[in-house]
S.K.: 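Before anything else, here's the structure in question.
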Amino acid sequence: MSLLEIRDLTIQFGGLKAVSDVNLSLEAGQMIGLIGPNGAGKTTLFNAITGVVPKTTGSLLFDGKDLSHYKPNQIAHLGISRTFQNIRLFSKMTAEENVAIGINSVADYGIISAFLGLPNARRKDRETKEKAQEYLDRVNLLPYKDAMAGSLPYGIQRKLEIARAIATRPKLLLLDEPAAGMNNEETLELITFIREIHQNNETNMAIILIEHHLEVVMNLCSDIMVLNLGSVLTTGDPAKIQNDPAVIKAYIGERRKRNG
């Protein structure tokens, strides 16, 4: 069975179908790109996977479990982590503290132990600090460990948000426009950053990547799904997507007009 299996998924808000009859299979360790014009249903699909919005019909199976039976925090504990279009760091906490929150999202000691400063709570805090520094070092952000997240350069904040997401050791990472707002140099660095994370992870982590920067998707993903008006327009490898007349008309062509 696939790690993630989406079957005939429809999400409807009143009379609007934000997602319509979408099917997607994702294997452990696979990375796929999800592209399409604004309003295509990409983020809505992420919200359904993470339990933020309910499905109307269809099914969402993760690691054999029906996600409709779980709340968002429970889905995170199953092994799904995500980032957002708008950075959601704790700006007045350090980079190390932000990653520690991801590591310590499920504490193995109670509130009384924490309040009283009992040995198991102190030990857990030391281990969390050490692990946070290991994750920062792994993604070359250790020099920023004591810096307030809100004071960091934009591109570093994007990387820190991803570092916090992978600190939960997810089986599936959902990246929602990680290159948003980046310049060309930052975008190229991000491509290398995501590739290294994908290739050097402990959980055979799969990734679904939403991105409007086509060079990011084309460089990272061997499989791409194109959504348009909530439905799957086509799927395929980068060469097929770039040369598909329907994709050019619905998405790539319009982007070229706006950028031209």
Side-chain angles (χ1 to χ4, degrees), residues 18-19 31-50 52-53 72 76 80-91 93 95 98-99 101-102 136 139-141 144 147-168 170 172-198 205-221 223-230 233 238 241-242 247 250-260:
V19 172
M31 177 159 52
I32 68 169
L34 187 60
I35 68 172
N38 290 329
K42 304 181 298 296
T43 296
T44 301
L45 183 59
F46 272 18
N47 288 340
I49 295 170
T50 54
V52 176
V53 299
I80 299 178
S81 188
R82 72 174 292 183
T83 65
F84 297 86
Q85 292 178 22
N86 300 314
I87 295 174
R88 297 190 183 183
L89 293 170
F90 296 97
S91 61
M93 298 176 70
N98 269 271
V99 176
I101 287 173
L136 287 170
V139 298
N140 297 318
L141 295 181
Y144 304 98
M148 292 297 171
S151 71
L152 293 171
Y154 182 82
I156 299 297
Q157 288 189 39
R158 280 284 179 190
K159 292 179 180 180
L160 178 58
E161 187 177 36
I162 297 173
R164 184 180 62 185
I166 65 171
T168 65
L172 171 60
L173 177 63
L174 306 176
L175 298 176
D176 196 346
E177 296 192 37
M182 289 188 174
N183 58 37
N184 289 337
E185 182 179 351
E186 290 171 332
T187 299
L188 291 173
E189 290 178 0
L190 182 73
I191 290 171
T192 300
F193 180 75
I194 294 174
R195 181 179 291 116
E196 289 176 350
I197 285 173
H198 184 235
M205 178 179 66
I207 296 176
I208 304 179
L209 169 67
I210 293 176
E211 190 48 70
H212 280 292
H213 286 68
L214 291 180
E215 64 270 29
V216 175
V217 178
M218 299 300 173
N219 273 281
L220 288 171
C221 304
D223 298 287
I224 300 170
M225 172 183 284
V226 185
L227 288 181
N228 188 41
L229 300 176
L233 185 62
I241 297 302
Q242 287 179 303
V247 176
Y251 181 52
I252 297 177
E254 290 302 315
R255 288 182 58 78
R256 286 174 178 166
K257 287 181 183 177
R258 292 199 299 271
N259 296 332

S.K.: Are there more than 12 heavy atoms of other residues, nucleotides or ligands under 6.0 Å from atom CZ of Phe46?
M.R.: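 Counting neighbours around CZ of Phe46, more than 12 heavy atoms of other residues, nucleotides or ligands fall under 6.0 Å, so yes.
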S.K.: Report the residues that fulfil side-chain hydrogen bond (donor to acceptor under 3.5 Å, both in side chains) with Asp176, sequence neighbours left out, ordered by chain and then residue number.
M.R.: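 Per chain and number, Asp176 pairs via side-chain hydrogen bond (donor to acceptor under 3.5 Å, both in side chains) with Thr43.
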S.K.: Among all residues two or more places apart in sequence or in another chain, which pass the side chain to side chain contact (heavy atoms under 4.5 Å, CB included) test with Ala76?
M.R.: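 Testing Ala76 for side chain to side chain contact (heavy atoms under 4.5 Å, CB included), a comparison that skips the adjacent residues, returns none.
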S.K.: Go through the steps to decide whether Ile80 and Thr168 satisfy the test side chain to side chain contact (heavy atoms under 4.5 Å, CB included), and finish with yes or no.
M.R.: CA-CA 9 Å; Ile80 299 178; Thr168 65; over 6 Å; no
S.K.: Measuring from atom CG of Leu175 to atom NE2 of His198, what distance do you get when rounded to the nearest 0.5 angstrom?
M.R.: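 The distance works out to 10.5 Å.
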S.K.: Give a yes or no on whether Leu229 atom CG has more than 12 heavy-atom contacts from other residues, nucleotides or ligands under 6.0 Å away.
M.R.: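 Check fails, neighbour count at 12 or below.
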S.K.: Among residues at least two apart in sequence or on other chains, which ones pass side-chain hydrogen bond (donor to acceptor under 3.5 Å, both in side chains) with Asp223?
M.R.: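 Applying side-chain hydrogen bond (donor to acceptor under 3.5 Å, both in side chains) to Asp223 gives Gln30.
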S.K.: Ignoring hydrogens and angles, tell me if any N or O in the side chain of Ser81 forms a donor-acceptor pair with the backbone of Ala165 under 3.5 Å.
M.R.: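 The answer is yes, because a donor-acceptor pair under 3.5 Å joins these two groups.
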S.K.: Do you know the tightest heavy-atom contact between Gly41 and Val19?
M.R.: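 Residues Gly41 and Val19, closest heavy atoms: O-CG2, 3.7 Å.
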S.K.: About how many Å separate CD1 of Ile208 and CZ of Arg82, when rounded to the nearest 0.5 Å?
M.R.: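 Separation between the atoms: 11.0 Å.
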S.K.: Of the non-hydrogen atoms in Pro238 and Cys221, which two are nearest, and what is the gap between them?
M.R.: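 Closest approach of Pro238 to Cys221: CG-O, 3.3 Å.
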S.K.: Working to the nearest 0.5 angstrom, can you tell me the gap between Asn86 CG and Leu89 CG?
M.R.: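 Between atom CG of Asn86 and atom CG of Leu89 there are 11.5 Å.
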S.K.: If you round to the nearest 0.5 Å, how far is CG of Leu190 from CG of Asn219?
M.R.: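 Those atoms lie 11.0 Å apart.
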S.K.: Could you tell me if the side chain of Ile224 sits less than 4.5 Å from the side chain of Met218, heavy atoms only?
M.R.: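 Yes, at least one pair of side-chain atoms sits under 4.5 Å.
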S.K.: Can you run down the side chain to side chain donor-acceptor pair (under 3.5 Å) pairs that involve residues 154-163, sequence neighbours left out, and say none if there aren't any?
M.R.: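 Output for this query lists Tyr154-Arg158.
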S.K.: Which value, rounded to the nearest 0.5 Å, describes the distance between Ile194 atom CD1 and Ile162 atom CD1?
M.R.: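 Nearest 0.5 Å value for the CD1-CD1 distance: 4.5 Å.
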S.K.: Check Val217 against Gly33 and note the closest heavy-atom contact, atom names and distance.
M.R.: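 Heavy atoms only, the tightest pair is CG1-CA, 4.0 Å.
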S.K.: Kindly compute the distance separating CG (Leu209) from CG (Leu220), expressed to the nearest 0.5 Å.
M.R.: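 Here the interatomic distance stands at 6.5 Å.
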S.K.: Any idea which heavy atoms bring Ala163 and Val139 closest together, and the distance?
M.R.: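 The answer is CB-CG2, 3.9 Å.
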S.K.: Would you mind listing every side chain to side chain donor-acceptor pair (under 3.5 Å) that reaches into residues 178-194, with sequence neighbours excluded?
M.R.: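 Counting only pairs at least two positions apart or across chains, no side chain to side chain donor-acceptor pair (under 3.5 Å) contact touches residues 178-194.
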S.K.: What pairs with Glu177 under side chain to side chain contact (heavy atoms under 4.5 Å, CB included), at least two apart in sequence or on another chain?
M.R.: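 Gln85, Ala180, Ile210, Glu211, His212.
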S.K.: Heavy-atom distance under 4.5 Å between the side chains of Met205 and Ile197, does that happen here?
M.R.: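 The answer is yes; the side chains approach within 4.5 Å.
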S.K.: Can you name the residues that form a side chain to side chain contact (heavy atoms under 4.5 Å, CB included) with Met93, not counting sequence neighbours?
M.R.: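 Met93: side chain to side chain contact (heavy atoms under 4.5 Å, CB included) contacts with Phe90, Glu97, Asn98, Ile101.
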